[in-house]
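Here's the structure, in structure tokens; my notes come after.
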Amino acid sequence: MLDLTLPAVDLAPLLVGALLSDGGVTVQLTEVEAYAGADDPAAHAFIGLRPRTRDLFGPPGTLYCYLSHGLHTCGNVVCGADGGGSAVLLRAGRVVAGLDVVRERRPGVPDAALARGPGNFGRAIGWTLADSGRRFAVGNLALVPGPDSGTVLAGPRVGVSVAHRRPWRFWAEGDPTVSAYRASPRIQPGHLDW
DNA sequence: AACAAGATTAACT
DNA sequence: GTTAATCTTGTTT
């Protein structure tokens with residue numbers, strides 16, 4: 001079993017290869033990012049407990065969804081200590097069940113790209129903001145260890161303008177469903193990084 | 001009340 | 001490589 005009370009940085013590499021099921025669709029995770037609670041300047045938890053971040057500060061095993069650029073619903077697995085605001089962002093995966101449903105949601109998209117990138121991942125599974133706050137391992141929202149995770153690599157998080165040297169993005173080596181790395185356009189040269 | 005920014009994506013040139 | 005699409009939240013008038 002996956003121990004969702006682990007810190008995000010410890011849990012994230014274990015999630016690569018894990019199987020996430022919801023609404024008849026099962027995705028094997030190939031890329032995730034750790035966000036280490038209120039002390040992580042790149043995390044949403046950094047702003048503190050707000051209406052927006054309420055679910056992020058819920059108990060481990062909560063699904064925290066946020067809307068990016070008004071278009072994309074991205075999902076996180078809340079983990080670590082209860083109320084600590086730590087979470088693992090689900091960035092990409094391979095659809096292993098419910099392919100027909102996902103193809104219908106994303107017509108014309110190659111199978112390897114169906115859940116590549118956090119926004120695409122959310123769309124493939126069919127998440128919206130209304131799904132935020134649901135609990136894993138309850139009802140049909142499941143998260144279990146995968147059979148074959150392969151080699152897991154680590155590197156800097158995508159699109160993050162602070163603490164961008166922390167290698168807290170984890171992905172399955174050589175997997176075609178992993179998204180391309182892009183540095184944030186807002187990284188300040190010479191700013192204090194940690 | 002107005003505005004800027006964002007853990008993005010796809011469609012352009 | 002550049003840019004439009006689109007909306008919630010926090011910040012500034």
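So that the names make sense, note that chain A is the first sequence line, chain B the second, and so on, each numbered from 1.
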Inset, instruction - Could you check whether the rings of A:H44 and A:Y64 sit parallel, tilted or perpendicular, using 30° and 60° as the cut-offs? - result: perpendicular
Inset, instruction - Could you check which residues of residues 2-13 of chain A get a heavy atom under 4.0 Å from DNA chain B? Sort them by number, please. - result: none
Inset, instruction - Measure from CG on A:L89 to C1' on B:dT8 and round the result to the nearest Å. - result: 11 Å
Inset, instruction - Take atom CZ of A:R157 and atom C1' of B:dG6, then tell me their distance rounded to the nearest Å. - result: 15 Å
Inset, instruction - Could you check if a side-chain atom of A:E31 sits within less than 4.5 angstrom of a side-chain atom of A:F170, using non-hydrogen atoms only? - result: no
Legend entry - B:dA4 and C:dA4, which share atom name P, separated by this distance in whole Å: 15 Å
Legend entry - Value in whole Å for how far the C1' atom of B:dA10 lies from CZ of A:R106: 10 Å
Legend entry - Shortest non-hydrogen contact from A:G17 toward A:Q28: O-NE2, 3.1 Å
Legend entry - Dot-bracket line, read 5' to 3' along DNA chain B, where crossing pairs take [ ] and | marks a partner on another strand, Watson-Crick or G-U under 3.5 Å: ||||||.|||||.
Legend entry - Heavy-atom side-chain proximity of A:T5 to A:D82 below 4.5 angstrom: no
Inset, instruction - Verify the neighbour count for atom CZ of A:R105: are there more than 12 heavy atoms of other residues, nucleotides or ligands below 6.0 Å? - result: yes
Legend entry - Salt-bridge criterion met for A:D40 and A:R157 (N-O under 4.0 Å): yes
Inset, instruction - Please determine if A:R169 forms a cation-pi arrangement with A:W171, meaning its NZ or CZ atom is less than 6.0 Å from the six-membered ring centre and no more than 45° off the ring axis. - result: yes
Inset, instruction - May I ask you to say what A:R169 touches in the nucleic acid, namely base, sugar-phosphate or nothing, with a heavy-atom cut-off under 4.0 Å? - result: nothing
Inset, instruction - Classify the nucleic acid contact of A:N76 as base, sugar-phosphate or nothing, counting any heavy atom under 4.0 Å across all strands shown. - result: base
Legend entry - same_hphob_cluster(A:V16, A:L90) at 4.5 Å side-chain heavy-atom cutoff: yes
Inset, instruction - For A:Y66 and B:dA7, say yes or no: do the ring centres fall under 5.5 Å of each other while the ring planes differ by less than 30°? - result: no
Inset, instruction - Answer yes or no: is there a side-chain heavy-atom contact under 4.5 Å between A:T26 and A:L20? - result: no
Using nucleotides 5-11 of chain C, report all nitrogen or oxygen pairs with the protein that are shorter than 3.5 Å.
| residue | atom | partner | partner atom | Å |
| --- | --- | --- | --- | --- |
| C:dT6 | O2 | A:H69 | O | 2.2 |
| C:dC7 | O4' | A:G70 | O | 3.4 |
| C:dG10 | OP1 | A:R50 | NH1 | 3.3 |

Inset, instruction - Would you mind reporting whether A:R94 and A:D175 have side-chain heavy atoms less than 4.5 Å apart? - result: yes
Legend entry - Rounded distance in Å between the P positions of C:dT3 and B:dA5: 16 Å
